[in-house]
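Worksheet: the structure to be examined is printed underneath.
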Amino acid sequence: HQLFFSTVILHWNLHAPLPQSQRLTASDWIEMYRVGGVQIVREEVLVPIYEVLAKAPLDLLLLVPSPGDEHVEGPAAGSLCASEATLEGWASVRGDGLQ
């Protein structure tokens, strides 16, 4: 589960509108899987995952639509909540309420 979650977060990091200085390199991501000098997930597993994600964004994992995508009305296409949700979006909970 940890590798799957880390892979999704890596995708977001590589394709979100961030400055280049904030993006993970392959060596940064591999280093995250080193604990006490021991590589807990082999580089032979991590490097191909990084290379595939770095090539191009996966639309279902994007936080914002790809350039040129048309606005989708109603539930987002490919959403896990599409059959039940009438509105999807992000909320930030800080201290005493929603923003």
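Any value given below was found using the heavy atoms of this structure, including those in side chains, with hydrogens, waters and symmetry copies removed. None of the values given here were measured: they were computed from a predicted structure. Numbers here are sequence positions counted from 1.
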Examine Leu3 and Leu58 and state if one hydrophobic cluster contains both, with Ile, Leu, Val, Met, Phe, Trp and Tyr joined whenever side-chain heavy atoms are less than 4.5 Å apart.
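Linked within one cluster.
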Quick check: is Val8 connected to Leu10 through a chain of hydrophobic side chains (ILVMFWY, heavy atoms under 4.5 Å apart)?
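Both belong to a single hydrophobic cluster.
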Return the minimal non-hydrogen interatomic distance between [X] and [Y], and the atom names on each side.
| X | Y | answer |
| --- | --- | --- |
| Leu46 | Trp29 | O-CZ3, 3.3 Å |
| His11 | Leu53 | CD2-CD2, 4.0 Å |
| Asn13 | Leu24 | OD1-N, 2.6 Å |

Contacts table for residues 30-45: side-chain donor-acceptor under 3.5 angstrom, sequence neighbours left out:
residue	atom	partner	partner atom	Å
Glu31	OE1	Arg34	NH1	2.4
Tyr33	OH	Ser6	OG	3.0
Arg34	NE	Gln39	OE1	3.1
Arg34	NH2	Gln39	OE1	2.6
Gln39	NE2	Ile30	O	3.1
Gln39	NE2	Tyr33	O	3.4
Gln39	NE2	Val41	O	3.1
Arg42	NE	Glu44	OE1	3.4

Once ring pair (Phe, Tyr, Trp, His ring centres under 6.0 Å) is applied, do any residues pair with Tyr50, and if so which ones, sequence neighbours excluded?
none
Roughly how far, to the nearest 0.5 Å, is the OG1 atom of Thr25 from the CG atom of Leu14?
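Going from CG on Leu14 over to OG1 on Thr25, the span is 9.5 Å.
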A quick test of your reading: do over 12 heavy atoms of other residues, nucleotides or ligands sit less than 6.0 Å from CD of Gln22?
yes
